[in-house]
Amino acid sequence: MRSPPVLAQVPLFTGLAEAELEALASSLRRRSYAKGEVIFHQEDPGSACYIVETGRVKIVAASADGKQVVLALLGPGDLFGEMALLDGEPRSADAVVVEACQLLTLQRDDFLAFLRSNCDASLKLMAALARRLRRTDEFLQDAVFLDVSGRLAKALLDLGEGQGQKMPDGSLVTPRLTQGELAALVGATRESINKWLGYYRDRGLVRYEGGRVTIRKPQELRRYIY
Ligand code: CMP
């Protein structure tokens, strides 16, 4: 495969020379996935990592009684499935398609050979894992210190600022998410998300239409994070 343009967006591969990108691209395979398809399950053995070329993927952990928490929402340029390749343990979470996507896969041996021959990329990977641990620490603190209204306000602002769109009037629009997905992202029930979305809507802070939340007054919504 010729080097796909999305590789330039993968932080791990920035700074690679054209020849190195071409060499890496020759090990990649492309596959399309439909919405709702499970890419792998928690506890599966891991033999490859994935780069999102188009579409969106969620990383989900589930309890024995079927409750879910969304650990991450990923889009173009994001790499996932690397943890099982690094520590040889099974998959730490499910990966599920949110919006039909095209993924590039890199087999374990090729991924590890790439890291061994590229010290800078290994350092970038460590930085990415450190960032993830920081986010996980923050998530844990929020779960203990914030109530659902604060966690929802924070999640909406993070989604709007991260993967969403900033509109000319200063409002933020999140990617499309069901209330169930929002609940799993915030660590709350769908009913309480519905209640607090209604609370924020009644105060003119948000609008929920077509699965997207428009944050009309980001500064005011931020005040609810305490
Ligand atoms: P792996 O354990 O192989 O399979 C599940 C993948 O989800 C994991 O690798 C990571 O790539 C990704 N993942 C797990 N936990 C998180 C998290 N907290 N934030 C972002 N991605 C994660």
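If you're wondering where the values come from, they're calculated on a predicted model, not measured in any experiment. First listed ligand is number 1; within each ligand, the first listed atom is number 1.
Side-chain N or O atoms of E89 include none that pairs as donor or acceptor with a backbone N or O of A84 at under 3.5 Å. Distance alone, capped at 3.5 Å, is enough to place a donor-acceptor pair between the R176 side chain and the G210 backbone. A donor-acceptor contact shorter than 3.5 Å links the side chain of R151 to the backbone of V186. Listed for the R29 side chain is no donor-acceptor partner under 3.5 Å among the backbone atoms of T105.
Taking NZ from K35 and CD from E99, the interatomic distance works out to 7.5 Å, rounded to the nearest 0.5 Å.
Note on ring orientation: taking the six-membered ring where Trp is involved, the planes of W196 and Y199 are perpendicular (angle over 60°, cut-offs 30° and 60°). Aromatic ring orientation, F40 versus Y50: tilted (interplanar angle from 30° to 60°).
In terms of protein heavy atoms, atom 3 (O) of ligand 1 is closest to R91 NH1, 2.8 Å. Nearest protein neighbour of atom 12 (C) of ligand 1, counting heavy atoms only, is I59 CG2, 4.0 Å. At the shortest separation from atom 14 (C) of ligand 1 among protein heavy atoms lies S92 OG, 3.6 Å. The protein heavy-atom contact nearest to atom 16 (C) of ligand 1 is R132 CD, 3.6 Å. Of all protein heavy atoms, the one closest to atom 6 (C) of ligand 1 is G81 N, 3.9 Å.
Taking distance alone, with nitrogen or oxygen atoms compared against 3.5 Å, P90 stays at or beyond that limit from ligand 1.
The ligand atoms of ligand 1 that sit less than 4.0 angstrom from a heavy atom of F80 are 11 (O). Those atoms of ligand 1 that come under 4.0 Å of a heavy atom in A72, given as number and element, are 19 (N), 20 (C), 21 (N). Proximity to A93 (heavy-atom distance under 4.0 Å) selects the following atoms of ligand 1: 5 (C).
Residue nearest to atom 15 (N) of ligand 1, selected from L129, I39, L71: L71 (by heavy-atom distance). When the heavy atoms of F139, F40, Y50 are ranked by distance to atom 4 (O) of ligand 1, first place goes to F40. Between the choices E89, E82, M83, the shortest heavy-atom distance to atom 11 (O) of ligand 1 belongs to E82.
Taking 4.0 Å as the cut-off, A95 does not count as a neighbour of ligand 1 on heavy-atom distance.
Within the 4.0 Å heavy-atom criterion, both parts of A84, backbone and side chain, lie near ligand 1.
Judged by a 6.0 Å distance limit and a 45° cone about the ring axis, R31 is positioned over the six-membered ring of Y33.
Contacts of F111 classified as ring pair (Phe, Tyr, Trp, His ring centres under 6.0 Å), with partners at least two apart in sequence or in another chain: none.
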